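Okay, structure first, notes after.
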Amino acid sequence: MPPHPFPTEKLRDWFRKNKRDLPWRRDRRPYSVWVSEIMLQQTRVDQAEGYYRRFMELFPDVGALAQAPLDQVLKAWEGLGYYRRALHLHQGARLVRQDHGGEIPSDYNRLIQIPGIGRSTAGAILSLAFNRPFPILDGNVKRVLSRFYHITRPLDQSETGKTLWQKAAAVLPEKKPGSFNEALMELGALICLPKDPGCARCPLRKGCQARIKGDATELPVKKPAKKIPHFDVTAAVIRKAGKILITRRPEKGLLGGLWEFPGGKQQPGETLEACLKREITEELAIEITVGEPFLQVRHAYSHFKITLHTFFCRHRKGRIQKIGIQDYRWVKPEELNHYAFPRADRRVIERLTEHGHLPFRPQRG
DNA sequence: AATACGGGGGT
DNA sequence: ACCCCAGTATT
């Protein structure tokens with residue numbers, strides 16, 4: 001018997017009294033667990049909640065999701081970020097329909113093969129929906145276990161990951177593993193916070209090594225973040241006959257599958273105008289005239305920042321070819337809301353349409 | 001082992 | 001400004 005057995009019952013008691021009423025807790029179907037877990041990857045509960053409700057309204061079951069066009073799924077995901085999640089979820093629904101008769105599998109090896117489902121999400125689906133004893137290791141659980149067992153090695157080392165998975169499996173009870181996993185996550189979300197361990201209110205305080213040592217706020221240890229580069233990016237608002245040209249990004253990579261105003265990153269020694277002309281020619285094989293600057297938007301992604309410089313432009317010459325884009329479309333301003341755009345482009349659209357119509361701009365060379 | 005991948009909210 | 005979030009896939 002170790003000196004500090006894990007206080008499972010204390011955690012369960014605390015959870016029973018303090019659990020939040022969240023939409024995905026009212027529905028433990030594998031599909032609901034799946035959707036919510038994907039949405040909650042690297043995403044706060046508060047941010048995911050509204051998206052989850054709308055998503056379940058639009059796509060109430062695997063069949064509905066599999067049947068829906070990807071555009072509609074991306075539109076439902078717009079603003080939530082990490083758009084590959086939406087693509088994978090959609091692909092996953094089609095795979096479940098095709099390979100599993102529309103039923104989400106209840107075994108680890110099959111779950112892990114569904115795109116977007118990794119070890120932790122598989123553990124969530126297995127424990128929460130199927131009541132099978134598989135651990136979850138998300139940011140909350142990592143923090144709680146790092147502190148309880150006083151794990152001082154940096155979180156992003158593979159050895160640390162192995163240790164944490166081992167602990168998560170070791171503390172997992174055979175009975176009701178799902179609610180136990182939830183309780184562990186909820187503790188990390190409500191009490192054992194990154195900058196405030198809340199030890200006085202914590203049901204695990206008795207055996208927690210970090211509390212005993214008094215260094216809970218130092219754990220878990222993370223390597224220092226790298227500096228984030230900044231780029232200047234241009235985008236063209238090309239108008240013709242009351243319509244605007246929008247292009248669709250490739251399915252892979254940043255903002256995959258989303259629509260945007262075409263453009264790209266400024267190169268060293270290049271003017272913004274030259275950058276825009278070059279990018280448009282490279283991606284669409286047409287020549288444009290760059291007119292008045294419109295809006296500048298500053299925006300932060302996860303690993304770089306940009307200033308987006310937009311310009312009103314005119315299509316001068318050539319026929320559009322889909323070189324660096326997946327698709328393109330000429331749309332009326334009011335139709336822009338039917339498409340999924342990145343946040344930065346959304347800001348441009350807001351300004352573009354805020355008087356109910358496009359502001360007049362002289363069209364000159 | 002390191003990096004790509006969004007957006008929002010707290011401090 | 002910096003940190004972090006119910007992580008996964010790719011390199």
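In what follows, chains carry the letters A, B, and so on, assigned in the order in which the sequence lines appear, proteins first and then strands, with residues in each chain numbered from 1. From a predicted model like this one, the values you see are computed outputs, not experimental measurements.
- Heavy atoms of A:Ser120 sit under 4.0 angstrom from primed sugar atoms or phosphate atoms, though from no base atom.
- Backbone-only contact: A:Tyr301 has heavy atoms under 4.0 Å from sugar-phosphate atoms and none from a base.
- Among B:dC5, B:dG7, C:dG7, the nucleotide with an atom closest to any side-chain atom of A:Arg343 is B:dG7.
- Across the C1' atoms, C:dC4 and B:dC5 are found 15 Å apart, a figure rounded to whole Å.
- Comparing B:dA1, B:dG7, C:dA6 by their closest approach to the side chain of A:Pro342 singles out B:dG7.
- Ring pair A:Phe6/A:Tyr149 is parallel by interplanar angle, where below 30° counts as parallel and above 60° as perpendicular.
- Here A:Arg143 lies in heavy-atom contact (under 4.0 Å) with sugar-phosphate atoms only.
- Taking only side-chain atoms of A:Pro194, from C-beta outward, the nucleotide of C:dG7, C:dC3, C:dC4 with the closest atom is C:dC4.
- Looking at heavy-atom distances under 4.0 Å, A:Leu255 makes contact with sugar-phosphate atoms alone, never a base.
- Between C:dA6 and A:Gln41, no contact under 4.0 Å exists linking OP1 or OP2 to a side-chain N or O.
- Just one of A:Lys10, A:Lys17, A:Arg16 meets the salt bridge (charged side-chain N to carboxylate O under 4.0 Å, His left out) condition when paired with A:Asp13; it is A:Arg16.
- Nucleic acid contact class of A:Glu182 (heavy atoms, under 4.0 Å, all strands): none.
- Residue contacts shown for A:Leu254 are limited to sugar-phosphate atoms, with no base heavy atom under 4.0 Å away.
- Phosphate contact (OP1/OP2 of C:dA9, side-chain N/O of A:Arg85, threshold under 4.0 Å): absent.
- The minimum heavy-atom distance linking A:Leu89 with A:Phe55 is given by the pair CD2-CZ, 3.8 Å.
- Between A:Ser158 and B:dA1 there is a side-chain polar atom (N or O) within less than 4.0 angstrom of OP1 or OP2.
- Here B:dA2 is the nucleotide among C:dA6, B:dG7, B:dA2 with the atom lying nearest to any side-chain atom of A:Lys226.
- Nucleotides B:dG9 and C:dT8 place their P atoms 24 Å apart, quoted to the nearest Å.
- Counting any heavy atom pair closer than 4.0 Å across all strands shown, A:Gly253 reaches sugar-phosphate atoms only and no base atom.
- Residue A:His88 places its side chain closer to C:dA9 than to any other of B:dG8, C:dA9, B:dC5.
- Within the nucleic acid shown, A:Thr121 comes within 4.0 Å of sugar-phosphate atoms alone, with no base atom in reach, counting heavy atoms only.
- A:Lys223 has a side-chain polar atom (N or O) that falls below the 4.0 Å cut-off from OP1 or OP2 of B:dA2.
- If you check every strand for non-hydrogen atoms under 4.0 Å, A:Val141 touches nothing.
- Contact annotation for A:Gly118: backbone-only contact, meaning every heavy-atom pair under 4.0 Å involves sugar-phosphate atoms and none involves a base.
- OP1 and OP2 of C:dC5 both lie 4.0 Å or more from every side-chain N or O belonging to A:Tyr82.
- Of the listed nucleotides (C:dA6, C:dC4, C:dC3), C:dC4 has the atom at the smallest distance from the side chain of A:Lys222.
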Parsed dot-bracket for DNA chain B after applying the Watson-Crick and G-U rules with both distances under 3.5 Å and | for other-strand partners is |||||.|||||
